Amino acid sequence: MAEEIDQQVYDDLIAQGKSERVATAKAKAAAVRQQKQQQAAEEPAQQAQPAASSPPAGDGGQAGGQAAATMAEAGVMTPEQRQERVRQALQAKQGETGGQAGEKAPSAKFAGQEHTHRLLAMVPPSGIQQIRGKQEDKVYTWPHLISSEFIALMAVTAGLTVMAVFVNAPLLALANPTNTPNPSKAPWYFMGLQELLLYFHPMVAGVTIPTVMLVGLAAVPYVDRNPSRRPENRKTIIVAFTVFMVFWAVLVMVGSFFRGPGLNWVWPWVDGLWFAL
Amino acid sequence: MSRIPNADDVKKGVQDNVIWKSIFRPGSIYRKGYRDTSRDRALAAMNNVLYHLHPVKVKRHGLKLSYTYCLGGTSFFLFILLTVTGIFLMFFYTPAAGSGSEIAYADMQDLSAAVPFGSFVRNMHRWAAHLMTLTVFLHMARVFYHGAYKPPREFNWIVGIVLLLLTLLLAFTGYLLPWDQLALWAVSVGTDMMGYTPVFGDQVQFVLLGGVQIGPETLLRWYVLHVLALPFVLTIFLAVHFWRIRKDGGISGPL
Ligand code: HEM
């Protein structure tokens with residue numbers, strides 16, 4: 001129905017040299033306008049009908065069906081029709097609940113659709129938002145997620161408290177720019193870079209490699225166009241990333257534990273630990 | 001009608017008044033009449049400030065420890081813990097150094113010697129900082145292995161990279177503040193490298209250090225970065241990060 005166009009208008013416009021797109025749009029608009037006019041003309045007649053044959057209160061089912069039929073014919077309801085339908089439906093409902101006196105069982109009329117909001121019945125189907133998407137297996141945030149978060153939070157706090165009670169943060173002698181300790185080490189998260197410094201020019205190890213790494217990481221989602229998230233479909237990139245991470249972890253470990261004075265190689269269990277957090 | 005009020009009376013008295021009701025929105029678990037029904041569970045989430053972070057319902061698989069390992073959440077919690085302990089430390093610390101006025105270092109000594117809980121809070125701050133760098137790294141790895149950076153989450157991955165960088169910078173600027181030999185020389189190793197930036201090397205170093213080498217100006221500069229500028233920027237990126245998690249359809253998966 002929505003795709004109906006007024007052929008006459010369309011032909012005229014094409015003849016006038018209008019583009020296909022413009023002609024279609026205008027012809028469609030014309031069709032819709034015509035339809036509305038037609039409806040307006042029919043309406044008084046239709047409205048008179050249910051009013052004339054309006055059944056006594058209580059017999060709402062039939063009238064409701066009639067209204068629905070009218071709606072189906074015209075495609076839309078006028079506000080008056082809608083009001084009338086609501087009134088009749090309410091009357092019918094009152095009659096039923098009155099009869100069942102406080103019983104909670106849903107009436108036969110609504111059986112199987114308890115979860116539908118009843119006002120939806122008044123909305124033309126095209127007016128209902130269609131939501132496509134899978135039903136997902138979900139749980140309530142409260143209490144499920146909140147309680148696990150709380151447990152995690154408590155565990156972290158407990159662990160840190162124990163650590164803070166028993167292990168003191170280091171505080172060495174006052175900073176002295178003229179007395180370079182041997183070895184001088186970066187904090188552990190930069191130890192990989194410091195280790196690279198032993199093999200590369202400082203510009204490469206200190207600037208080029210970190211920049212390339214950050215940009216490379218940021219580019220991952222745009223480079224990896226494989227849509228699958230399943231590990232078995234992503235073997236290559238998983239191996240690549242794992243190699244990268246292990247390589248980095250090894251560099252950090254080596255720099256932290258196996259480098260002593262002069263940043264020469266040491267065995268921590270022989271020469272002791274040259275490492276501070 | 002005088003009888004001793006029992007627990008229920010007390011509860012009613014506390015909950016059934018205008019002040020209490022004005023604080024806790026309908027559906028709050030602290031309000032009178034909360035029942036453990038679907039409706040009230042939904043309302044409890046919706047009418048809580050945590051609604052800024054969490055939707056009413058979450059995917060069941062996301063709750064399993066083996067999905068997120070709670071690494072993002074732990075990083076966030078550590079950030080809060082660091083803020084709290086950091087504020088405490090700020091009361092006892094002056095970012096001043098230089099011969100004749102080594103206040104920063106003296107403050108660090110006082111902190112463990114004279115301030116109640118001073119060394120405990122300092123330890124907590126330091127260990128939490130190391131842990132946070134670690135959890136952020138691991139969080140990144142977890143996101144990678146789940147392919148959670150794939151559409152529509154590409155941009156949140158980039159926000160994450162910025163968060164990683166900011167976390168490292170926060171850790172690094174904080175490292176200088178005790179102004180002891182460890183701080184000074186660990187930081188020099190890092191800043192020496194920045195001096196090798198092509199073309200602008202010297203300028204970059206000068207801006208970062210507030211001079212040609214690490215000195216009292218550096219301390220002040222890094223202090224402001226550490227306690228104000230970087231946490232501010234991090235907070236903004238965190239807001240975007242969390243907002244995007246929800247807009248991108250919540251946690252990814254199941255695999
Ligand atoms: C300050 C640091 C960070 C904090 C506090 C943080 C926090 C969070 C939280 C709480 C989540 C929810 C899921 C979970 O807990 O795993 C999350 C998800 C996510 N984070 Fe982070 N994050 C940080 C850094 C990063 C980094 C470094 C990356 C990557 C480079 C990243 C990328 C992501 C992505 C893509 C998601 C969505 C994951 C999914 O849907 O499965 N974040 N983040």
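Because the structure is predicted, anything quoted here is derived from the model rather than measured.
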Between [options], which residue shows the highest count of heavy-atom pairs closer than 4.5 Å to chain B?
| options | answer |
| --- | --- |
| A:Gly206, A:Pro227, A:Pro181 | A:Pro181 |
| A:Leu193, A:Thr211, A:Asn226, A:Thr157 | A:Asn226 |
| A:Gly159, A:Pro231, A:Pro143 | A:Pro143 |
| A:Ile146, A:Val207, A:Val139, A:Leu145 | A:Val139 |
| A:Ala218, A:Ala169, A:Ala219, A:Ala186 | A:Ala169 |
| A:Asn168, A:Ile238, A:Val156 | A:Asn168 |

How long is the straight-line distance from [atom2] of [Y] back to [atom1] of [X], given to the nearest 0.5 Å?
| X | Y | atom1 | atom2 | result |
| --- | --- | --- | --- | --- |
| B:Leu111 | A:Leu171 | CG | CG | 9.5 Å |
| A:Leu174 | B:Gln181 | CG | CD | 7.5 Å |
| A:Asn176 | B:Trp179 | CG | CH2 | 11.0 Å |
| A:Arg234 | B:Phe144 | CZ | CZ | 5.5 Å |
| B:Arg60 | A:Lys138 | CZ | NZ | 12.0 Å |
| A:Met163 | B:Leu131 | CE | CG | 9.0 Å |

With the threshold set at 4.0 Å, does a side-chain nitrogen-carboxylate oxygen contact exist between B:Lys150 and A:Asp224?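 Result for this pair is yes, salt bridge flagged.
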
With a 4.5 angstrom heavy-atom cut-off, which part of [X] approaches chain A: side chain, backbone, both or neither?
| X | result |
| --- | --- |
| B:Tyr145 | both |
| B:Ala183 | neither |
| B:Phe120 | both |
| B:Ile29 | side chain |
| B:Glu102 | side chain |
| B:Ser188 | neither |
| B:Arg126 | side chain |
| B:Ser99 | neither |
| B:Ala104 | neither |
| B:Thr74 | side chain |
| B:Ile158 | side chain |
| B:Trp157 | side chain |

Within the 3.5 Å criterion, strictly below it, is a donor on A:Thr141 or B:Tyr51 matched to an acceptor on the partner's side chain?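 Looking only at side-chain atoms, B:Tyr51 and A:Thr141 do not form any donor-acceptor pair under 3.5 Å.
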
Side chains of B:His130 and A:Trp188, donor plus acceptor under 3.5 Å: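 Yes, a side-chain donor-acceptor pair sits under 3.5 Å.
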
Look at the side chain of [X] and the backbone N and O of [Y], then say whether any donor-acceptor pair between them is shorter than 3.5 Å.
| X | Y | answer |
| --- | --- | --- |
| B:Arg41 | A:Trp142 | no |
| A:Tyr189 | B:Ala171 | yes |
| B:Trp185 | A:Pro183 | no |

Among [options], which residue forms the greatest number of heavy-atom pairs with chain A at distances under 4.5 Å?
| options | value |
| --- | --- |
| B:Arg153, B:His54, B:Met140, B:Lys59 | B:His54 |
| B:Val162, B:Leu184, B:Val58 | B:Val58 |
| B:Ala106, B:Pro178, B:Gly253 | B:Gly253 |

Give me the atom names and distance for the closest heavy-atom approach of [X] to [Y].
| X | Y | result |
| --- | --- | --- |
| A:Ala276 | B:Tyr175 | O-OH, 3.6 Å |
| A:Ser148 | B:Leu63 | OG-CD2, 4.0 Å |
| A:Met203 | B:Pro198 | SD-CG, 3.9 Å |
| A:Arg229 | B:Pro254 | NH2-O, 3.6 Å |
| A:Pro170 | B:Trp127 | CD-CH2, 4.3 Å |
| A:Ser184 | B:Val189 | O-CG2, 3.8 Å |

A:Leu160 and side-chain contact (heavy atoms from CB on, under 4.5 Å): which single residue from B:Thr85, B:Asn123, B:Leu78 fits?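 Testing each of B:Thr85, B:Asn123, B:Leu78 against A:Leu160, the sole residue satisfying side-chain contact (heavy atoms from CB on, under 4.5 Å) is B:Leu78.
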
Would you say A:His201 and B:Tyr196 make side-chain contact, with heavy atoms under 4.5 Å?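 Yes; the side chains approach each other to less than 4.5 Å.
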
